[in-house]
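So that we are looking at the same thing, I have put the structure below in structure tokens.
Only this structure's heavy atoms are used, side chains among them; waters, hydrogens and symmetry mates stay out. Letters A, B, ... are given to chains in the order of the sequence lines, protein chains preceding strands, and every chain is numbered from 1. Here the structure is a predicted model, which means the values were calculated and not measured.
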Protein chains: 2
Amino acid sequence: MDTRWLTPVERAAWVRLVAVVELLPGALDAQLREDSGLTHFEYFALAMLSEAPDRTLRMTALAQLSNATLPRLSHVAKRLEARGLLVREPCAEDRRATNARLTDEGWAKVVEAAPGHVANVRRHVVDALTGDQVRQLHEIGDALLSALDPDGRMTGLYEPGT
Amino acid sequence: MDTRWLTPVERAAWVRLVAVVELLPGALDAQLREDSGLTHFEYFALAMLSEAPDRTLRMTALAQLSNATLPRLSHVAKRLEARGLLVREPCAEDRRATNARLTDEGWAKVVEAAPGHVANVRRHVVDALTGDQVRQLHEIGDALLSALDPDGRMTGLYEPGT
DNA sequence: ACTCTTTAGTTGAAGCAACAACCAATTAGG
DNA sequence: CCTAATTGGTTGTTGCTTCAACTAAAGAGT
């Protein structure tokens, strides 16, 4: 089959997207690590818990929301539990399952970390764009996720298309 | 200082960008790993070399283009050299420096891997967007990189703004 | 010439993440 | 019921990234 190579316009857009995808995680990690002693993954997991009902999620659900494998989440949860930021307890309804629940300490940590994180997001992303571009990014994100995450697992807590 | 929280519109765009940034590397890695036995980082490094004059770049230059630390690149280069895809040789002009040069085998590897990679990029990104959105993504990428990569190190081989 | 600093790169140890193997609890089939 | 298959999680290796220390060459100052 003949390859449909990228046109110059497509290639230009692609090169920039790759650069952003490569650089953004580092920028996020660096600020959170520096200011709050959390990796972006840890912050994200805690933030998901903080917005969940009863600040509690099943390990499997949290793994999907944070795009992690279950083994990875298990290791991370063990570290966070050792730091007192969450607790794991067996689920009453299904005794195979484990519920991860944010402690008061963990909640306090999220509250402490959030302002700096939001400021960082503004600096690197939101405030670098015009209002129109923010809306375009919203649409583009939906289009890309329809191919990358057709089941909407990562964006589960946020209704799509809004 | 009072935190300027994200508006709903901003938050929606941000959530989608985070999801894309989280998912895209995995999608890229999986296809290249499966079809060509290369990580995305390895492919990217080889591709940069393949477009450089004489298929040769200084280690430092290649590290900047691929957003890698020098130690990381050194380890990866050692592995790629062991596989016969590139060679490292001391630089004549500056004997501290090392030049990485793509071998014929490495060139063949890039030629073999490129079509599948491009098809994957089309499937996950380019073909999921309208022509207008591709152009918008180009602009948005420039705006984000002006904050993330002000010196344009990663996009060094491609002139900005085109 | 001789030191001191900076630059370029490599190496070795330590920390995460992925994969695989495993155990426990639930569900389905005969 | 009693077995088999599936689901939910945890626990050990393997490989790559990162961090810190080290070698070596180039340049700067005296």
Spatial distance of atom CE (Met59(B)) from atom CD (Gln64(B)) [nearest 0.5 Å]: 13.0 Å
Any side-chain heavy-atom pair of Met48(B) and Ser66(B) under 4.5 Å: no
Lys/Arg N to Asp/Glu carboxylate O, Asp54(A) vs Arg101(A), below 4.0 Å: no
d(CG, Leu62(B); P, dA8(C)) in whole Å: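 Going from CG in Leu62(B) over to P in dA8(C) covers 14 Å.
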Under 3.5 Å between N/O atoms: give me all the protein pairs with nucleotides 12-17 of chain C, atom names plus distance.
unit_1, atom_1, unit_2, atom_2, d
dG12(C), O6, His75(B), NE2, 3.1
dA17(C), OP1, Arg72(A), NH2, 3.1
dA17(C), OP2, Arg79(A), NH2, 3.0

Spacing between Arg58(A) atom CZ and dT26(C) atom P, to the nearest angstrom: 11 Å
4.5 Å side-chain heavy-atom contact, Arg4(B) and Val118(A):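 The answer is no; the side chains never approach within 4.5 Å.
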Basic-acidic side-chain contact under 4.0 Å: Arg33(B), Glu42(B): no
Rounded distance (nearest 0.5 Å) linking atom CG of Leu28(A) with atom NE2 of His124(A):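 Here the interatomic distance stands at 7.5 Å.
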Spacing of Leu38(B) atom CG and Leu85(B) atom CG [to the nearest 0.5 Å]: 7.0 Å
Spacing of CG belonging to Leu129(A) relative to CG belonging to Leu144(B), to within rounding of 0.5 Å: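 The CG atom of Leu129(A) sits 5.0 Å away from the CG atom of Leu144(B).
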Between dG9(D) (P) and Leu57(A) (CG): distance, integer Å: 11 Å
Atom pair distance, as rounded to whole Å: CG in Leu70(B) and P in dA24(D): 17 Å
Check ion pair Glu51(A)-Arg11(B) (N to O, under 4.0 angstrom): yes
Residue-level proximity of residues 18-30 of chain B to DNA chain D when a heavy atom falls under 4.0 Å: none
Interatomic spacing from CG in Leu86(A) to CZ in Arg79(A) - rounded to 0.5 Å: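 Spacing of CG (Leu86(A)) from CZ (Arg79(A)) equals 11.5 Å.
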Member of His138(A), Arg122(A), Arg135(A) meeting the side-chain hydrogen bond (donor to acceptor under 3.5 Å, both in side chains) criterion with Glu10(B):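 Among His138(A), Arg122(A), Arg135(A), the one that satisfies the side-chain hydrogen bond (donor to acceptor under 3.5 Å, both in side chains) with Glu10(B) is Arg122(A).
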Residues within residues 86-101 of chain B bordering DNA chain C, heavy-atom distance below 4.0 Å: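 Under 4.0 Å from DNA chain C: Arg88(B), Arg96(B), Ala97(B), Thr98(B).
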Whole-Å gap separating P (dA18(C)) and NE2 (His40(B)):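 In whole Å, dA18(C) P lies 17 Å from His40(B) NE2.
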